[in-house]
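As the structure is a computational prediction, the values presented were derived from the model and not from experiment.
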Amino acid sequence: MIRAILFDLDETLFDHRRAVAYAATRWTEALSPGHELLMETPALWLDLEDKHLPAWHAGECSFAEQRRRRLREFCGRLGLPVPADLDAAYGEFLLHYEDAWTAFPDAATTLDALEGRGLTLGVLTNGTPVQQEAKLRRIGLLDRLDPVLTPDALGGNFKPAAECYLEAATKLGLRPQEVLLVGDNLMLDAVGPTRVGMHGVWLDRYRREAAPASVTRVTTLTDLPAVLNGLNGLEGLRPHQAGPSRAA
């Protein structure tokens, strides 16, 4: 039986893509009004996250340093002057980012549907505790999710390291088989946890990728109660399975 559900945060409960789009365009527009590549800045920022965050995860640099690297390359790719004080400039980006913090509409609805089932509902995220808890507080979900597990609380282990999932289960006082993880990243949130016996569900909001047939795939969090019923052998709809990717 599933006794706990852990949610990823960014792009699962929290609309990170929307906040980045707002911040990247606002920050660039302030520095270079009418920049010809303004509409391309959100995608560029997200690409640079994927490029530079792994260095922090691997312990090759600090969290602050990977931010500096991202901003330095962001400016270079756009032909913008690199700020003399990268930390201060990143702080300006963060102000715009925080102004756009919002939850996905299906987040609270899904938590409502899962209440009363005797489940522990928490978060497992690769982010930093201060920022991730601030996001949850702003979008009104912090009091509904406990614990909020970050690498700081998991021995410095990040998804998809096996130790991350195993330590998360230990923190919950459960076996991995009793825990379900749901998130937007196919490897980190669906494939990775299954390697240690934990259940994983891939939230494919944008129908972007194909996935192994063995991966449980949903396109909205509101499908999660039906997935839970299927895993627990209860009456109800069966989980959606991975299929060919389709354009959103």
Side-chain angles (χ1 to χ4, degrees), residues 6-33 35 37-54 56-57 63-64 66-75 77-78 80 83 86-111 122-145 148-151 158-159 182-186 188-189 202-208 219-222 248:
L6 293 175
F7 295 87
D8 174 56
L9 181 54
D10 294 342
E11 284 303 286
T12 299
L13 301 171
F14 167 77
D15 196 342
H16 175 66
R17 181 182 297 266
R18 177 181 181 275
V20 162
Y22 180 84
T25 53
R26 283 298 184 95
W27 189 88
T28 304
E29 181 71 14
L31 194 62
S32 179
H35 194 287
L37 298 178
L38 186 65
M39 293 300 101
E40 297 179 27
T41 57
L44 174 59
W45 188 270
L46 292 171
D47 286 345
L48 293 177
E49 283 185 355
D50 290 340
K51 177 179 179 179
H52 291 288
L53 279 170
W56 169 51
H57 295 171
F63 181 65
Q66 62 81 24
R67 283 180 163 181
R68 297 181 196 115
R69 293 177 183 182
R70 265 194 278 159
L71 190 56
R72 187 181 294 114
E73 185 169 353
F74 183 76
C75 290
R77 297 270 289 273
L78 295 173
L80 299 172
L86 287 166
D87 292 335
Y90 201 98
E92 294 168 1
F93 175 89
L94 282 177
L95 291 176
H96 295 305
Y97 178 60
E98 292 168 4
D99 283 343
W101 282 359
T102 187
F104 283 105
D106 57 1
T109 302
T110 301
L111 294 179
V123 170
L124 178 59
T125 169
N126 275 350
T128 60
V130 172
Q131 185 178 61
Q132 302 301 70
E133 289 180 11
K135 288 176 183 175
L136 288 164
R137 185 177 297 107
R138 175 77 67 83
I139 66 178
L141 299 181
L142 183 60
D143 292 341
R144 306 187 65 179
L145 295 160
V148 177
L149 299 173
T150 69
F158 292 81
K159 297 181 290 185
V182 57
D184 71 295
N185 189 291
L186 176 59
L188 274 58
D189 302 313
W202 178 40
L203 176 61
D204 182 20
R205 289 190 181 278
Y206 308 107
R207 298 173 172 87
R208 294 173 299 188
T219 58
T220 172
L221 286 175
T222 55

Do any N or O atoms from the side chain of W202 and from the backbone of D184 form a donor-acceptor pair under 3.5 angstrom? yes

Do the ring centers of W27 and Y97 come within less than 6.0 Å of each other? no

Steps toward side chain to side chain contact (heavy atoms under 4.5 Å, CB included) verdict (R67, L94): CA-CA 11 Å; R67 283 180 163 181; L94 282 177; 3.6 Å; yes

Test side chain to side chain contact (heavy atoms under 4.5 Å, CB included) applied to L142 and V148, step by step: CA-CA 8 Å; L142 183 60; V148 177; 4.1 Å; yes

Verdict with supporting geometry, H16 and F104, side chain to side chain contact (heavy atoms under 4.5 Å, CB included): CA-CA 9 Å; H16 175 66; F104 283 105; over 6 Å; no

Please tabulate, for side-chain N and O atoms in residues 38-45, each donor-acceptor pair with protein atoms closer than 3.5 Å (sequence neighbours left out).
residue : atom : partner : partner atom : Å
T41     : OG1  : L38     : O            : 2.7
W45     : NE1  : E49     : OE2          : 3.4

Does any part of the side chain of L9, heavy atoms only, come nearer than 4.5 Å to the side chain of L136, both counted from C-beta? yes

Salt bridge (Lys or Arg N to Asp or Glu O under 4.0 Å) contacts in which one or both residues fall within residues 98-107, not counting sequence neighbours: D106-R205

Should the pair Y90 and F93 be assigned to parallel (<30°), tilted (30 to 60°) or perpendicular (>60°) ring geometry? tilted

What distance separates E11 CD from Y206 OH, expressed to the nearest 0.5 Å? 4.0 Å

Neighbour count >12 (heavy atoms, 6.0 Å) for atom CZ, R26: no

Spatial distance of atom CZ (R72) from atom CG (L86) [nearest 0.5 Å]: 5.0 Å

Would you say the side chain of D15 lies within less than 4.5 Å of the side chain of I139, judging by non-hydrogen atoms? no

Interatomic distance, S32 atom OG to L37 atom CG [nearest 0.5 angstrom]: 9.5 Å

Atom CG in L221, atom OG1 in T110: separation rounded to 0.5 Å? 4.5 Å

Please name the pair of heavy atoms, one in G183 and one in T12, separated by the smallest distance, quoted to 0.1 Å. CA-OG1, 3.3 Å

The reported gap from NE2 in H57 to CZ in F63 (rounded to nearest 0.5 angstrom) is 8.5 Å

Which of N126, N185, D8 passes side-chain hydrogen bond (donor to acceptor under 3.5 Å, both in side chains) with K159? It is D8

For A107 versus A103, what's the shortest heavy-atom pair and its separation? CB-CB, 4.5 Å

Do V123 and L13 have side chains that approach each other closer than 4.5 Å (heavy atoms only, starting at C-beta)? yes

Should we count CZ of R69 as having more than 12 external heavy atoms under 6.0 Å? yes

When you measure from the side chain of T25 to the backbone N and O of A21, does any donor-acceptor pair fall under 3.5 Å? yes

Can you name the closest pair of heavy atoms from H35 and L78 and give their distance? NE2-O, 2.8 Å

Side-chain donor-acceptor pairs of residues 127-134 under 3.5 Å, sequence neighbours excluded:
residue : atom : partner : partner atom : Å
Q132    : OE1  : K135    : NZ           : 2.9
Q132    : NE2  : T125    : OG1          : 2.8

Worked check of side chain to side chain contact (heavy atoms under 4.5 Å, CB included) between D189 and L203: CA-CA 9 Å; D189 302 313; L203 176 61; over 6 Å; no

Approximate separation, where rounding is to 0.5 Å, of L145 CG and L6 CG: 9.5 Å

